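The structure displayed is predicted, hence computed values, not measured ones. Chain naming here is simple, since letters A, B, ... match the order of the sequence lines and numbering starts at 1 in each.
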Number of protein chains: 2
Amino acid sequence: MKLYSKYTRYLVAVDCIIFGYDILEKEIKLLLIKRSFDPGKGKWSLAGGFVDENESLDDAASRILRKLTGLESVYMKQSYAYGETNRDPGDRVISVSYFALIAIRDINRELTQQNEAHWRSIARLPDLIFDHSAMVKKALTDLQGQVKIRPVGFELLPEKLTLVQLQALYEAIYQREIDKRNFRKKILSMGILEKLDEKEKETSKKGAYYYKFDKDKYDKLKQSGFYFNLDVN
Amino acid sequence: MKLYSKYTRYLVAVDCIIFGYDILEKEIKLLLIKRSFDPGKGKWSLAGGFVDENESLDDAASRILRKLTGLESVYMKQSYAYGETNRDPGDRVISVSYFALIAIRDINRELTQQNEAHWRSIARLPDLIFDHSAMVKKALTDLQGQVKIRPVGFELLPEKLTLVQLQALYEAIYQREIDKRNFRKKILSMGILEKLDEKEKETSKKGAYYYKFDKDKYDKLKQSGFYFNLDVN
DNA sequence: AATTTAAATGTAAGGTTTACACTTAAAATT
DNA sequence: AATTTTAAGTGTAAACCTTACATTTAAATT
């Protein structure tokens with residue numbers, strides 16, 4: 001079945017920009033790896049790997065994420081294909097980047113330790129190998145675009161969340177402040193949050209009510225023409 | 001320099017979704033090819049090709065477009081990387097799609113004829129090989145997103161254009177009608193169109209004034225924080 | 001001179017976005 | 001028990017943007 005024999009073949013990799021949110025420090029973090037092999041041994045890099053024969057690009061991205069975090073069925077999205085001839089000095093490698101959104105507390109810490117993976121704030125990232133810094137920059141722009149038009153920010157938070165936490169998350173993603181009353185008005189007016197009879201009491205005396213993202217309601221609204229939009233000031 | 005010797009290599013292709021606008025029929029068209037080789041010989045396909053050793057993905061896309069149309073320095077943008085294991089029955093091929101915007105009258109007709117390329121309206125596309133129909137669908141969504149936030153619609157029109165033509169283009173891209181007065185108000189209020197002292201007289205007795213996209217002005221505005229936005233009703 | 005055709009134009013109502021400051025709940029302190 | 005402290009929670013008015021909508025104008029044709 002090899003019909004295109006005269007053409008050159010290349011290594012194809014997938015690199016994962018794994019976003020987490022640190023609810024205490026109010027910072028978006030990336031899961032980065034101290035590289036254990038050359039080229040770039042000892043340097044910081046994204047989690048990546050070569051595509052196997054029996055898997056699609058999406059499958060490869062899921063496998064890489066699972067191996068590092070233990071997580072299955074996480075929100076993932078392809079970001080961009082990088083194909084400069086010299087982007088990896090080891091060989092010609094075409095790399096497709098994916099970004100993933102995960103709740104930091106869900107990950108398997110044994111696995112991350114084993115792989116020398118560490119959470120680093122996007123506000124002060126180390127230099128990354130190859131074109132990985134460009135991949136991160138692009139993925140962050142993608143993320144900003146996504147959280148505006150889809151309720152994917154919830155992927156980065158625990159199931160029970162306060163509006164204070166949700167706003168802080170958006171502020172961390174956009175890296176600017178948001179007006180509290182306007183933010184609440186907008187998100188609540190969508191009718192996709194369920195208010196719980198329980199308060200988060202760690203961070204204040206008064207306590208903040210927990211809410212839960214109501215996926216069923218969101219799906220129904222979407223079907224009837226509703227578009228999530230959090231255009232935030 | 002081959003440091004990753006144990007991994008499988010794959011063919012990497014680029015497929016181009018070449019959008020043109022038929023100003024008379026008021027339709028977005030795609031430049032499609034009757035495939036001259038197997039698999040899929042005789043079927044319709046996008047213009048595509050394998051990535052050469054000495055070229056990036058972007059370079060490959062430019063080369064493919066140039067070979068088919070004779071055009072250089074055309075608006076092109078990566079759309080998506082397709083990597084299902086069985087997407088091409090001939091072999092495992094990872095394909096990165098690009099979309100291009102060109103003014104139909106600019107192309108070299110000899111080249112397109114030679115390559116069995118034909119313009120087909122997106123409103124009634126034939127079946128395409130492999131996953132090319134999915135590529136088109138995604139690229140059209142990308143295009144709709146782009147023309148809303150960037151002045152790239154002009155790439156599909158002659159340098160001198162009327163507001164009637166520009167509106168018809170947007171209607172063709174969005175596949176719905178737009179209010180004339182609101183459309184004009186919005187596009188003119190951006191201050192990026194220069195009104196010429198000349199009328200287009202083919203399509204009406206009164207004639208419609210020609211305008212020209214003023215790239216310098218747009219670049220200056222953009223630098224001072226302006227964002228193109230044609231949110232059209 | 002009258003008719004035909006498509007281009008060009010303005011406004012008011014409705015809706016959304018923005019800016020902004022005080023009250024409340026509950027724990028901690030006196 | 002009263003007071004203080006801290007962060008959560010709340011509403012409104014002005015400015016701005018979006019939408020809906022119908023008549024006039026220019027020029028060719030009859």
NZ/NE/NH1/NH2 to OD/OE distance under 4.0 Å, A:Asp216 and A:Lys220:
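Here A:Asp216 does not pair with A:Lys220 in a salt bridge, since their nearest N and O are not under 4.0 Å apart.
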Taking only Lys NZ, Arg NE, NH1 and NH2, and the carboxylate oxygens of Asp or Glu, determine whether A:Asp59 and A:Arg63 approach each other closer than 4.0 Å.
no
Within the 4.0 Å heavy-atom criterion, would you say B:Thr203 contacts the bases, only the backbone, or no part of the nucleic acid?
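Sugar-phosphate contact only.
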Counting the atoms with a prime plus P, OP1 and OP2 as sugar-phosphate, which does B:Lys199 contact under 4.0 Å by heavy atoms, base, sugar-phosphate, or nothing?
sugar-phosphate
Rounded distance in Å - [atom1] ([X]) to [atom2] ([N]):
{"X": "A:Asp179", "N": "C:dC22", "atom1": "CG", "atom2": "P", "value": "15 Å"}
{"X": "B:Tyr209", "N": "D:dA26", "atom1": "OH", "atom2": "P", "value": "9 Å"}
{"X": "B:Glu202", "N": "D:dA28", "atom1": "CD", "atom2": "P", "value": "13 Å"}
{"X": "A:Glu200", "N": "C:dA25", "atom1": "CD", "atom2": "C1'", "value": "14 Å"}
{"X": "B:Lys201", "N": "C:dA7", "atom1": "NZ", "atom2": "P", "value": "12 Å"}
{"X": "B:Lys195", "N": "C:dA7", "atom1": "NZ", "atom2": "P", "value": "14 Å"}
{"X": "B:Leu230", "N": "D:dT19", "atom1": "CG", "atom2": "C1'", "value": "15 Å"}
{"X": "A:Lys180", "N": "C:dA21", "atom1": "NZ", "atom2": "P", "value": "14 Å"}

I want to know whether A:Tyr211 and A:Tyr209 have ring centres closer than 6.0 Å.
no
Is any N or O donor-acceptor pair between the side chain of [X] and the base of [N] shorter than 3.5 Å?
{"X": "A:Arg181", "N": "D:dA8", "answer": "no"}
{"X": "A:Lys185", "N": "C:dT16", "answer": "no"}
{"X": "A:Lys205", "N": "D:dT5", "answer": "yes"}
{"X": "B:Lys206", "N": "D:dT25", "answer": "yes"}
{"X": "A:Arg184", "N": "D:dA8", "answer": "no"}

Pick the closest DNA chain D nucleotide for A:Ala208 and for B:Asp231 by heavy atoms, then say which residue is nearer the 5' end.
A:Ala208
From the list C:dG10, C:dA8, D:dT18, which nucleotide is the closest neighbour of the side chain of B:Lys186?
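Selected nucleotide (nearest to the side chain): D:dT18.
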Around atom CD of A:Glu198, are there more than 12 heavy atoms from other residues, nucleotides or ligands closer than 6.0 Å?
yes
Determine yes or no for a side-chain-to-main-chain donor-acceptor pair under 3.5 angstrom, with B:Ser95 supplying the side chain and B:Tyr82 the backbone.
no
